[in-house]
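Just so you know, these numbers use all the heavy atoms, side chains as well, and skip hydrogens, waters and symmetry mates. Heads up: numbering here begins at 1 and tracks the sequence.
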Amino acid sequence: MKTAAALMKRDLAVAFRQGSSLGTAVGFFLTVVVLLPIGLGPDQALLARIAPGALWIALLMSVLLSADRIFSDDFEDGSLELLTMGRVPFEAVILIKATVHWIAAGLPLAVIAPCLGFLINISPQQVVPLAAAMIVGSLGISLLATLGAAVTVGLRRGGVLVAVLILPLYVPFLVFGVAASSNLVPGAASAALMALAALSLAALVMVPIAAAAALRSHMR
């Protein structure tokens, strides 16, 4: 337990000291949110209709941009191979890496996205449902990004390959996330939020196992 806590503390310190994951994600997210109203014009009704979907797409792409950094540094300096032989189970190491990525890139965007949504005319009634849906869904999004990073670690242009591999798996998160962000039909929004939570829990169970197997296979 102490070793796992020390590993998480170290990875969090590295992530926030470098600032690359959060900076890249926030920069891309702001670019999308600022340029979208300019591209669509002054139609406020149109902006209000597409706002939740646009914010979710921006969140998905922003998290993907920083995914290739999850394992690359540890792989290049050889510490990733040492972690496979450490006292902490390698699946737990993967889960720690995914959690750090979520805290450094996914969670901050999920928190600030509803506030930035006012730039694209999101209604005040949608702020709370959107924030809840994004906080729940962003965990699963970071977990899937971790899986993609594990499969493509050590490859050139790994970020592009992560996007190609993982984007199809993001479709259910996008569908249920947008549905949960709307409060027009309260019952449907609650059901979509529960489905989103189920997807994140499923990713929480399966991704560490799959990612650990992919990394072990790559390092043989």
Side-chain angles (χ1 to χ4, degrees), residues 4 7-8 10-12 14-29 31-32 56-86 88-110 137-175 177 199-220:
L7 178 61
M8 175 170 282
R10 190 265 283 181
D11 283 356
L12 282 172
V14 171
F16 285 111
R17 184 169 63 246
Q18 292 179 343
S20 57
S21 297
L22 182 58
T24 302
V26 171
F28 180 84
F29 193 89
T31 301
V32 172
W56 267 97
I57 292 173
L59 175 67
L60 294 175
M61 299 306 298
S62 298
V63 171
L64 272 180
L65 283 176
S66 59
D68 62 326
R69 304 293 300 175
I70 296 176
F71 299 111
S72 61
D73 291 340
D74 289 333
F75 178 78
E76 290 171 2
D77 63 18
S79 59
L80 189 61
E81 187 170 359
L82 293 177
L83 289 172
T84 64
M85 300 178 289
V88 180
F90 196 47
E91 288 77 9
V93 172
I94 302 299
L95 185 57
I96 290 171
K97 297 280 187 185
T99 304
V100 169
H101 180 264
W102 176 60
I103 294 173
L107 184 58
L109 284 179
S138 60
L139 177 59
I141 290 170
S142 285
L143 284 162
L144 290 179
T146 303
L147 176 60
V151 173
T152 60
V153 66
L155 301 179
R156 291 183 178 181
R157 298 184 180 181
V160 177
L161 292 175
V162 170
V164 172
L165 292 172
I166 299 303
L167 276 178
L169 300 178
Y170 277 168
V171 172
F173 284 88
L174 180 61
V175 172
L199 288 173
S200 292
L201 288 174
L204 188 66
V205 173
M206 293 185 291
V207 164
I209 300 173
L215 288 171
R216 285 194 181 103
S217 176
H218 187 79
M219 289 184 289
R220 285 176 182 172

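P168 approaches P172 most closely through the heavy-atom pair O-CD, 4.0 Å. When all heavy atoms of I103 and P108 are compared, the pair lying nearest together is O-CD, 3.1 Å. Across W56 and G137, no two heavy atoms sit closer than the pair CH2-CA, 4.2 Å. A145 approaches V63 most closely through the heavy-atom pair CB-CG1, 4.3 Å. Pairing each heavy atom of S200 with each of G140, the nearest pair is OG-N, 3.5 Å.
Shown here are the side chain to side chain contact (heavy atoms under 4.5 Å, CB included) partners of L204, two or more places apart in sequence or in another chain: L95, L143, L201. By the side chain to side chain donor-acceptor pair (under 3.5 Å) test, S138 is found to be paired with W102, residues two or more places apart in sequence or in another chain being considered. With sequence neighbours left out, I57 forms a side chain to side chain contact (heavy atoms under 4.5 Å, CB included) with M61, L174. Here A92 pairs with V88, P89 under the side chain to side chain contact (heavy atoms under 4.5 Å, CB included) rule; sequence neighbours left out.
Here the CG atom belonging to L147 is positioned 7.5 Å from the CG atom belonging to L169, to the nearest 0.5 angstrom. For the atom pair CG of L60 and CD1 of I166, the computed distance is 11.5 Å after rounding to the nearest 0.5 Å.
No side-chain heavy atom of L59 sits less than 4.5 Å from a side-chain heavy atom of Y170.
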_Steps toward side chain to side chain contact (heavy atoms under 4.5 Å, CB included) verdict (F28, L109)_ = CA-CA 11 Å; F28 180 84; L109 284 179; over 6 Å; no
*Do T99 and I96 pass the side chain to side chain contact (heavy atoms under 4.5 Å, CB included) test, and can you show the C-alpha distance, the side-chain angles, and the key distance before you say yes or no?*
CA-CA 5 Å; T99 304; I96 290 171; 5.7 Å; no
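Residues in residues 91-110 take part in these salt bridge (Lys or Arg N to Asp or Glu O under 4.0 Å) pairs, two or more places apart or across chains: D11-K97, D74-K97, E91-R216.
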